[in-house]
Chemist: 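Before I ask anything, let me first share the structure, which is written out below as structure tokens.
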Amino acid sequence: IQNLFIWNRLFLLVFCNSTESLIYFSLAVLQALEDGLKRADADPSVKAVTICGENGKFSAGADIRGFSSPNKQGLGLGPIVSLIERSEKPVVAAIEGIALGGGLEVTLGCHYRIAHVQARMGLPEVTIGLLPGAEGTQRLPRLIGVPAALDIITTGRHISASEALKLGLVDEVVEENTVEAAIRLANRLIGQPLGHRRLSLKPVPKLPNMEAFLTEALVKVKKRAQGCLAPELCFQAIKAATEQPFADGVRKERELFNILLTSGQAKALQYAFFAERAVEKWTTPSGASWKTASPQPIRKAAVIGLGTMGRGIVTSLVKAKIPVVALEQDLEYLNTGRKAVMLLLEREAMKMEQGGQTLDFNNPARLQFAVDFDVLRDVDLVIEAVFENMALKKEIFNKLSRICKPEAFLCTNTSALNIDEIASVTSRPQQVIGTHFFSPAHVMRLLEIIYGRHTSPTTIATAMQLAKVMKKVGVVVGNCFGFVGNRMMFPYVQQAVFLLEEGSRPEDVDQVLEDFGFKIGPFRMSDLAGLDVGWRSRKDQGLTGPTLAPGTSARQRHGYRYSPLPDLLCEKGRFGQKTGKGWYQYEKAGGRTAKPDPWIHSFLSEYRDTHQIKTRFIDQEEILERCLFTLINEGFDILAEGIASGPEHLDVVYINGYGWPKHRGGPMFYASTVGLPNILAKLQKYSEIHPDVPQLRPSAFLKKLVAMGNPPLNDWMSYLHRQSNKL
Ligand SMILES: CCCCCCCC/C=C\C=C\CC(=O)SCCNC(=O)CCNC(=O)[C@H](O)C(C)(C)COP(=O)(O)OP(=O)(O)OC[C@H]1O[C@@H](n2cnc3c(N)ncnc32)[C@H](O)[C@@H]1OP(=O)(O)O
């Protein structure tokens, strides 16, 4: 895995990997590095050492897969970094491409670091549930100070070479050949004293108010972590560096690393890392994939509708440097939309400037506003983002089909509507696809990409490529009501509302789910999104409103349990934050601070009296199980129907679009940790108590997996014999 060259008086250690494009460390690399260092040390003809990566890439750190193998990695690198540091011969790191995790820790042992101008560095261990366990938490604060080290280690963010230079993380940034520059430096250093370059011997730079700084920093770290253990333990390790000698700090780091390694959260986060990459390699039941389809170039795009979603989508396209035309129905809507888009872009430009980047959006070749459909004649792709109304969408698609050039792709931003029905009014259903963005669309990473019966593989590939260019996580899913995300959300929200009927309060339910790790509970979420959105959809479905047949039971639809509670709130004008009242009360219309509302409490109590429901105490376990297990149960149906090609897809959707806590790995991963037999037993129990709620009846696929002995998540799909072909 590793090549060692003796070149003149210089020993060059090169990280190599013949099979992978990225270089990551294994135990074999560890051994080879140690052997190489010892050889260089023992050979009197060697006067200096340079460490670099092969083909312009330093190292992506440890092979993450190794952390879940029985022969765990992580502990072995620290002593090697020390060995590098102790060397009496100058050791220079030549950082090209990326130096992440263990890769960067190796450079911290080196006496000097030179980086290529395009190199990126970071300690992303926290993002996979760990901490830099090769003495990185002790060396980095000694090199760049506590505030910068804390930021880099607790966020795991990557930094550019220029930022690294400013922070003092590297000694020099070069535009030329970095290895040659490192070799030149190493030669110059021969015979010079190295003591002052050994980070373990340096004190941590003092702050006048270290204690106060750390107290404040911990509050921030905990707030951001939302139940994830790694950021706080990273903090503890750095704090140890400020309080203890190097060797004791290293012992503390090791102790904390082991806690994380065995915590379960690390496993979940590492699963999430690979799930995201697995989802990028999309396939459909008919076998379409990147291998069979090539994306078409998008030189110019259009967005129809400048409401909340359209504004965010335009912003995302501009940021992705795709020229875009934004279209509205009339000048009044256009002007309002234009102002809102420009405001978003100005804010984005400011954020980008802080990171040394620019955003050009005042150029009409980049962004154009119009009310006339004729401007769409030359665009390669249109994203329709109007109101969630089938008749309106069909009218627009019919028009697009006539106006746009034949090869243009037509995307609909919908959260639930039938893609086939929308495609049916066009002359090119093979080029019609659903692109479900999440609000705010310029911030949220998820993009559900929904193929219809006639959608071509090229169209899917183009939409996936667009997601990538917009720096979003595209997840290819089949066409059904609510697709993956919202379809799984319906039973979850439904249970939350049923719990209110039975005795809970909105804040009780939200608290349990937020304690579980959701960014926001279902009622706070509903107030944020607006209760009127669901109300309109239920009216369209004939579940409430004027089309409801007279004499329909208040709490039943089609023979199943139904809760009219959200409809009743809407009838009272309680749409959530926008009206200042919803499941909570707010300081004003548009206010953001949710306060429990005594009005809701008495409203619920009257409601229960009216419908003769006996209020009962509902414990946290029941709230959690009924909400989460119905969501998971729907997930098993989705998998069985071939709507998604694996459990990772559902998990990536939930982590990136619905605020599911990443350290719990997504709902299907969570199900695998709870154990499918446990989930089945609980669903059976609740289903017996509530026989009129079909969402509590265990999915046939879940039952099958339990009957097959609760196989690991990776094997689930092999138990499906798919009959239907959705493409
Ligand atoms: C001298 C050394 C001795 C070492 C001994 C070993 C003992 C280890 C000791 C210390 C431990 C230190 C802790 C760590 O280092 S933890 C790992 C820290 N590194 C990371 O977290 C990096 C994760 N990777 C990324 O962020 C990205 O992949 C990136 C490197 C930025 C590249 O991004 P991009 O170009 O977009 O490519 P992909 O993300 O799609 O990745 C391409 C494929 O590579 C796989 N990959 C990437 N990194 C790793 C990794 N560290 N381990 C295993 N696999 C990795 C990724 O899954 C993709 O695979 P595939 O193509 O199959 O999907």
Side-chain angles (χ1 to χ4, degrees), residues 388 414-416 436 438-439 446 448 480-541 543-544 555-558 560-570 574-577 582-584 594 600 604 607 618 620 622-638 650 653-655 657-661 666-667 670 683 686-687 690 692-697:
E388 194 76 328
T414 169
S415 59
H436 179 199
F438 288 72
S439 184
L446 180 64
E448 260 186 322
C480 63
F481 189 72
F483 318 129
V484 163
N486 282 347
R487 179 168 160 184
M488 288 168 77
M489 183 67 15
F490 294 138
Y492 164 87
V493 173
Q494 186 191 50
Q495 285 303 314
V497 176
F498 288 164
L499 288 162
L500 297 193
E501 289 190 326
E502 294 165 36
S504 298
R505 296 172 307 172
E507 53 272 29
D508 301 331
V509 177
D510 279 349
Q511 194 59 54
V512 170
L513 290 154
E514 286 164 17
D515 286 349
F516 175 77
F518 271 100
K519 290 204 171 67
I520 183 168
F523 294 109
R524 259 186 262 275
M525 182 174 72
S526 168
D527 273 1
L528 176 69
L531 274 76
D532 51 325
V533 180
W535 193 34
R536 206 176 305 123
S537 162
R538 289 190 297 280
K539 281 197 272 193
D540 286 349
Q541 292 173 65
L543 293 169
T544 189
R555 298 184 55 231
Q556 275 212 333
R557 296 291 181 272
H558 313 298
Y560 297 123
R561 181 169 169 186
Y562 177 84
S563 174
L565 278 173
D567 302 333
L568 294 172
L569 255 60
C570 287
R574 297 183 70 110
F575 291 169
Q577 287 189 4
W583 297 107
Y584 292 90
I600 283 281
L604 287 173
Y607 174 88
I618 302 173
Q620 299 184 356
E622 180 173 346
I623 293 175
L624 202 62
E625 289 173 350
R626 280 179 55 188
C627 292
L628 296 189
F629 292 0
T630 44
L631 179 151
I632 289 165
N633 198 37
E634 195 68 42
F636 281 110
D637 277 348
I638 285 174
L650 279 48
V653 164
Y654 262 78
I655 289 171
Y658 292 84
W660 180 282
Y670 174 69
L683 283 168
Y686 293 124
S687 178
H690 306 279
D692 54 351
V693 182
Q695 290 78 3
L696 284 167
R697 286 178 212 154

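Positions are given from 1 along the sequence.
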Chemist: Would you please name every residue forming a side-chain contact (heavy atoms from CB on, under 4.5 Å) with R536, sequence neighbours left out?
Modeler: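 Listed in chain order: F387, D532.
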Chemist: Just verifying a value: how many Å separate H436 NE2 and S415 OG, rounded to the nearest 0.5 Å?
Modeler: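 Interatomic distance, H436 NE2 to S415 OG, rounded to 0.5 Å: 4.5 Å.
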Chemist: Assess the residue pair S504 and I623 against the criterion (side-chain contact (heavy atoms from CB on, under 4.5 Å)); give the C-alpha distance rounded to whole Å, side-chain angles, the decisive distance to 0.1 Å, and a yes or no.
Modeler: CA-CA 9 Å; S504 298; I623 293 175; 4.0 Å; yes
Chemist: Identify, with sequence neighbours excluded, every residue that meets side-chain contact (heavy atoms from CB on, under 4.5 Å) alongside A496.
Modeler: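 side-chain contact (heavy atoms from CB on, under 4.5 Å) check on A496 returns V509, P522, F523, C627.
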Chemist: Sequence neighbours excluded, which residues qualify as side chain to side chain donor-acceptor pair (under 3.5 Å) partners of R505?
Modeler: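 Checked R505 against side chain to side chain donor-acceptor pair (under 3.5 Å); matches are D508.
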Chemist: How far apart are the closest heavy atoms of P566 and V497, and which atoms are they?
Modeler: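 For P566 and V497, the tightest heavy-atom pair comes out as CD-CG1, 4.0 Å.
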Chemist: For the backbone of F481 and the side chain of R487, can you confirm whether one donor and one acceptor N or O come within less than 3.5 Å of each other?
Modeler: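 Between the backbone of F481 and the side chain of R487 there is no qualifying donor-acceptor contact (under 3.5 Å).
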Chemist: Is there side-chain contact between P506 and L604, with heavy atoms separated by less than 4.5 Å?
Modeler: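 In short, these two side chains touch, coming nearer than 4.5 Å.
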Chemist: I'd like to know if the side chain of T544 pairs up with that of W535 as donor and acceptor (distance under 3.5 Å, no hydrogens or angles considered).
Modeler: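 No pair is found: no donor N or O on one side chain lies under 3.5 Å from an acceptor on the other.
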Chemist: Is it true that the side chains of D567 and Y562 contain a donor and an acceptor less than 3.5 Å apart?
Modeler: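 Y562 and D567 do have a side-chain donor-acceptor pair below 3.5 Å.
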Chemist: For Y658, which residues count as a side chain to side chain donor-acceptor pair (under 3.5 Å) partner, sequence neighbours excluded?
Modeler: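 N486.
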Chemist: Without hydrogens or angle criteria, can the side chains of Q695 and T630 be said to hold a donor-acceptor pair below 3.5 Å?
Modeler: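 No, T630 and Q695 have no side-chain donor paired with an acceptor closer than 3.5 Å.
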Chemist: When you measure from the side chain of R574 to the backbone N and O of L569, does any donor-acceptor pair fall under 3.5 Å?
Modeler: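 No; zero donor-acceptor contacts below 3.5 Å.
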Chemist: Are any of the side-chain heavy atoms of E501 and P564 separated by less than 4.5 Å?
Modeler: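 Touching, per the 4.5 Å side-chain cut-off.
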Chemist: When you look at Q494 and R561, which way does the side-chain contact (heavy atoms from CB on, under 4.5 Å) test go after all the steps?
Modeler: CA-CA 10 Å; Q494 186 191 50; R561 181 169 169 186; over 6 Å; no
Chemist: Within the side chain of D527, is there an N or O that forms a donor-acceptor pair under 3.5 Å with the backbone of A594?
Modeler: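 The answer is no, because no donor-acceptor pair under 3.5 Å joins these two groups.
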Chemist: For E622, enumerate each residue passing the side-chain contact (heavy atoms from CB on, under 4.5 Å) test, keeping only those at least two apart in sequence or located in another chain.
Modeler: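 Per chain and number, E622 pairs via side-chain contact (heavy atoms from CB on, under 4.5 Å) with L499, E502, R616, I618, D619, R626, Y686.
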Chemist: Could you tell me whether F629 and F636 have their ring centroids closer than 6.0 angstrom?
Modeler: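 No, the ring centres sit 6.0 Å or more apart.
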Chemist: Can you see which heavy atom on F483 is nearest to which on A416, and at what distance?
Modeler: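 Nearest pair, atom of F483 first, then A416: CE1-N, 3.4 Å.
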Chemist: Mind checking whether F518 and Y492 have parallel, tilted or perpendicular rings, split at 30° and 60°?
Modeler: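 Tilted: the ring planes of F518 and Y492 meet at 30° to 60°.
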Chemist: Check the side chains of S537 and E388 for a donor-acceptor pair under 3.5 angstrom, ignoring hydrogens and angles.
Modeler: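 Result is no, nothing qualifies.
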Chemist: Kindly say whether G521 contributes a backbone atom to a donor-acceptor pair with the side chain of E514 at under 3.5 angstrom?
Modeler: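 Checked: pair present.
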Chemist: Between M489 and Y654, does the side-chain contact (heavy atoms from CB on, under 4.5 Å) criterion hold? Intermediate values first, please.
Modeler: CA-CA 9 Å; M489 183 67 15; Y654 262 78; 3.5 Å; yes
Chemist: Is any side-chain heavy atom of W660 closer than 4.5 Å to one of V653?
Modeler: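 V653 does not reach W660 side chain to side chain.
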Chemist: Would you say the side chain of I638 lies within less than 4.5 Å of the side chain of M488, judging by non-hydrogen atoms?
Modeler: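 Yes, side chains in contact.
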Chemist: For the residue pair L631 and P667, what are the closest heavy atoms and their distance?
Modeler: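 Heavy-atom minimum between the residues: CD2-CB, 3.6 Å.
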Chemist: Could you grab the distance from atom CG of L650 to atom CD1 of I632, nearest 0.5 Å is fine?
Modeler: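 Nearest 0.5 Å value for the CG-CD1 distance: 10.5 Å.
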Chemist: Assess whether side-chain contact (heavy atoms from CB on, under 4.5 Å) is satisfied between W583 and L565, documenting all intermediate values.
Modeler: CA-CA 10 Å; W583 297 107; L565 278 173; 4.1 Å; yes
Chemist: For Q620, which residues count as a side chain to side chain donor-acceptor pair (under 3.5 Å) partner, sequence neighbours excluded?
Modeler: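 Side chain to side chain donor-acceptor pair (under 3.5 Å) list for Q620, sorted by chain: empty.
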Chemist: Determine yes or no for a side-chain-to-main-chain donor-acceptor pair under 3.5 angstrom, with D510 supplying the side chain and R524 the backbone.
Modeler: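 Answer holds: yes.
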Chemist: Is any side-chain heavy atom of Q495 less than 4.5 Å from a side-chain heavy atom of V693?
Modeler: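 Yes. Closest side-chain heavy atoms under 4.5 Å.
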Chemist: Is the shortest side-chain heavy-atom distance between V484 and E448 below 4.5 Å?
Modeler: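 Yes, side chains in contact.
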Chemist: Rounded to the nearest 0.5 Å, how far apart are CG of L696 and CG of N633?
Modeler: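 Those atoms lie 8.0 Å apart.
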